[in-house]
Participant: 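I have a structure here, written as structure tokens, and I will follow up with some questions on it.
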Amino acid sequence: MVDIEEMMRRAQEASEGASRWLNESIEKSQKIAEQMQADTEKAIRRQEEEAGSAGQVASNQQRQVEILGQMFSPETMAQMADTDALIQKTVAEATALGMEGMMGQLFGEDMGVIAAALETLEMEETDGDNKDEDHLDLEMEEELYHILNEKLALLERLPELESCPYEKNDPRWGKFGILLSGIISNLNDHQLDGLDVEEHIPVMEQQVVSLVRRSWGINGRSELLDTIRYLAREGYTLRYQMYCEAASPEELVDETDDEEELASAGRGWRFAQQYKAHFSPGFMTGWDVGRAAMLARWGCYLGWLTEGEATGILWDLSQRAAEELHSWREFAQSYLFGGLIWKLLCGDAAAESYLGFLADAATDLLTGHAEENEGQWKDCPWPAARKIGFQA
């Protein structure tokens with residue numbers, strides 16, 4: 001079994017050693033050059049003072065060449081030239097190979113597998129950073145409603161275990177909370193058998209922190225907690241409610257908003273008017289809770305949350321999900337519902353393919369096979385709603 005961490009450590013040590021050697025060489029060369037310049041100028045001044053004739057000037061120039069030769073011997077000059085050529089060659093090769101090629105060359109097949117996996121670790125979750133304004137016209141919006149309806153009906157037909165009551169201290173709550181992150185985890189090929197989303201190796205940790213920072217604009221513990229708190233208490237559930245209650249899109253913006261913001265509000269308002277008779281704001285819970293659960297797991301993996309904090313957050317999210325929704329199918333439908341309004345607000349014309357990815361992930365979770373890192377939902381029944389609190 002290849003020890004990836006040991007390989008990474010050795011590669012890091014080798015890289016640091018090469019950097020130290022290069023820096024030392026550059027510093028040594030700078031010192032030699034400075035000394036050479038000083039000695040050359042001193043020699044020229046001395047000989048110009050001794051004789052000012054043209055012949056002496058020519059002699060001085062020859063002397064300068066001699067001093068250069070003394071300061072940089074042929075061996076030294078050759079070594080510096082070889083070093084520069086090697087550096088240029090290494091940079092060119094690294095550029096040509098790319099990340100996956102370099103990792104494969106350095107670490108063989110095992111690291112090549114990790115490099116390939118990194119390419120799947122992309123899940124866009126930013127409100128407004130993925131705009132494509134050409135163009136979600138009214139006809140395309142209507143088509144997207146039709147596609148969403150088809151996906152919702154498809155999910156409704158998927159098989160699922162009958163829901164069952166969970167006691168307050170039922171250990172299944174822990175698993176259930178983790179599985180609330182199932183759709184994003186499936187899309188990114190994350191693990192779903194514990195809090196950690198990936199193995200703790202530097203390359204994966206860096207990829208996850210980059211994902212959280214780039215896609216969510218979250219740079220640490222405080223911002224992470226603020227975002228989770230927003231999703232748990234308000235999120236798109238409140239936004240959808242506001243769109244449902246507004247008499248027109250203009251009520252959702254103020255005079256300082258530009259045309260783009262007004263267009264975004266219009267798309268969100270039309271979506272709400274299309275569906276408010278069929279889906280209450282509570283139906284948006286899966287979209288908010290699913291993303292908050294993913295953030296909690298990412299935060300724990302990165303060390304921004306303790307395991308106890310992440311477990312407590314997932315517990316609270318689990319209670320809200322179980323109160324508002326009634327099955328994994330409904331949870332998945334909620335996620336697609338929220339995903340479409342998000343894409344509409346962003347003006348993203350790629351919403352159709354996005355809905356397809358989400359529906360495929362939910363299908364894998366409910367019908368897939370464990371050996372393929374799928375089917376996790378079908379082994380965990382949804383907590384049945386209780387009429388009277390938890391029983392002792």
Side-chain angles (χ1 to χ4, degrees), residues 2-9 12 99 103 107 110-111 113-126 171-232 235 286-318 320-321 331 335 357-358 361 364-365 370 372-374 376-377 380:
V2 178
D3 189 339
I4 298 299
E5 293 189 2
E6 178 63 17
M7 285 184 171
M8 294 294 293
R9 184 186 65 78
Q12 181 67 23
M99 175 60 77
M103 293 172 75
F107 303 110
D110 293 277
M111 209 59 190
V113 171
I114 293 177
L118 293 183
E119 295 180 359
T120 70
L121 196 57
E122 296 294 337
M123 182 60 188
E124 298 167 332
E125 292 289 345
T126 306
R172 288 178 296 180
W173 281 116
K175 181 179 181 181
F176 178 75
I178 290 170
L179 292 181
L180 290 174
S181 72
I183 290 181
I184 305 179
S185 294
N186 179 278
L187 290 173
N188 291 318
D189 200 27
H190 284 333
Q191 299 170 3
L192 276 167
D193 56 355
L195 277 175
D196 279 343
V197 296
E198 299 286 347
E199 291 185 45
H200 279 280
I201 56 177
V203 66
M204 295 307 298
E205 290 174 353
Q206 181 57 43
Q207 188 69 13
V208 172
V209 76
S210 176
L211 171 65
V212 175
R213 286 173 174 166
R214 183 184 66 252
S215 298
W216 282 85
I218 295 173
N219 295 291
R221 173 183 170 84
S222 178
E223 292 176 350
L224 178 77
L225 289 172
D226 286 345
T227 305
I228 293 174
R229 188 177 299 111
Y230 163 74
L231 292 173
W287 172 246
D288 286 333
V289 165
R291 295 185 300 153
M294 190 74 260
L295 286 174
R297 293 187 67 211
W298 278 334
C300 185
Y301 176 75
L302 296 174
W304 295 351
L305 299 176
T306 67
E307 183 175 336
E309 288 171 331
T311 300
I313 290 170
L314 292 176
W315 162 263
D316 290 339
L317 295 173
S318 296
R320 182 182 171 196
F331 177 85
Y335 207 96
F357 292 143
L358 298 183
D364 288 343
L365 288 161
E372 298 175 5
N373 194 30
E374 298 173 355
Q376 292 89 344
W377 282 357
C380 181

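Worth saying up front: this structure is predicted, and the values here are computed from it rather than measured.
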Participant: Counting distance only, does the side-chain N/O of Ser318 pair as donor-acceptor with the main-chain N or O of Leu314 below 3.5 Å?
Facilitator: yes
Participant: Side-chain contact, heavy-atom cut-off 4.5 Å: Trp298 with Ile218?
Facilitator: no
Participant: Measuring from atom CD of Glu205 to atom OH of Tyr301, what distance do you get when rounded to the nearest 0.5 angstrom?
Facilitator: 4.5 Å
Participant: Please report the shortest heavy-atom distance between Cys300 and Leu195, naming the atom on each side.
Facilitator: SG-CD1, 4.0 Å
Participant: Between the main-chain N or O of Asn219 and the side-chain N or O of Glu223, is there a donor-acceptor pair closer than 3.5 Å?
Facilitator: yes
Participant: Do the ring planes of Phe176 and Trp173 sit parallel (below 30°), tilted (30 to 60°) or perpendicular (above 60°)?
Facilitator: perpendicular
Participant: Kindly indicate whether the side chain of Trp304, heavy atoms from C-beta on, has any atom under 4.5 Å from the side chain of Val209.
Facilitator: yes
Participant: Could I get the full list of side chain to side chain contact (heavy atoms under 4.5 Å, CB included) partners for Ser185, not counting sequence neighbours?
Facilitator: Ser181, His190, Leu192, Met294, Arg297
Participant: Would you please test Arg291 and Trp216 for side-chain contact (heavy atoms from CB on, under 4.5 Å) and show each step?
Facilitator: CA-CA 11 Å; Arg291 295 185 300 153; Trp216 282 85; 3.7 Å; yes
Participant: Please find the pair of heavy atoms, one from Ile313 and one from Ala296, that lie closest to each other, and give the distance.
Facilitator: CG2-CB, 3.9 Å
Participant: Check whether any side-chain heavy atom of Leu231 sits under 4.5 Å from a side-chain heavy atom of Leu317, and report yes or no.
Facilitator: no
Participant: Taking side chain to side chain contact (heavy atoms under 4.5 Å, CB included) as the definition, give me every residue that meets it alongside Asp316, ordered by chain and number, with sequence neighbours left out.
Facilitator: none
Participant: Apply side-chain hydrogen bond (donor to acceptor under 3.5 Å, both in side chains) to Glu374 and list each qualifying residue two or more places apart in sequence or on a separate chain.
Facilitator: none
Participant: List the residues meeting salt bridge (Lys or Arg N to Asp or Glu O under 4.0 Å) with Arg213, not counting sequence neighbours, and say none if there are none.
Facilitator: none
Participant: Looking at residues at least two apart in the chain, or sitting in another chain, which of them share a side chain to side chain contact (heavy atoms under 4.5 Å, CB included) with Ala361?
Facilitator: Ile183, Asn186, Leu187
Participant: Which atom pair, heavy atoms only, marks the closest approach of Thr306 to Glu309?
Facilitator: N-OE1, 2.9 Å
Participant: So do the side chains of Leu302 and Leu224 get within less than 4.5 Å of each other, counting heavy atoms only?
Facilitator: no
Participant: Between Trp315 (side chain only) and Gly177 (backbone N and O only), is there a donor and an acceptor less than 3.5 Å apart?
Facilitator: no
Participant: If you look at every heavy atom in Leu180 and Phe331, which pair is closest and at what distance?
Facilitator: O-CZ, 3.3 Å
Participant: So, using salt bridge (Lys or Arg N to Asp or Glu O under 4.0 Å) as the criterion, who are the partners of Glu199 when residues are at least two apart?
Facilitator: none
Participant: Under the side chain to side chain contact (heavy atoms under 4.5 Å, CB included) test against Gln376, which residue among Asp193, Asp364, Leu365 passes?
Facilitator: Leu365
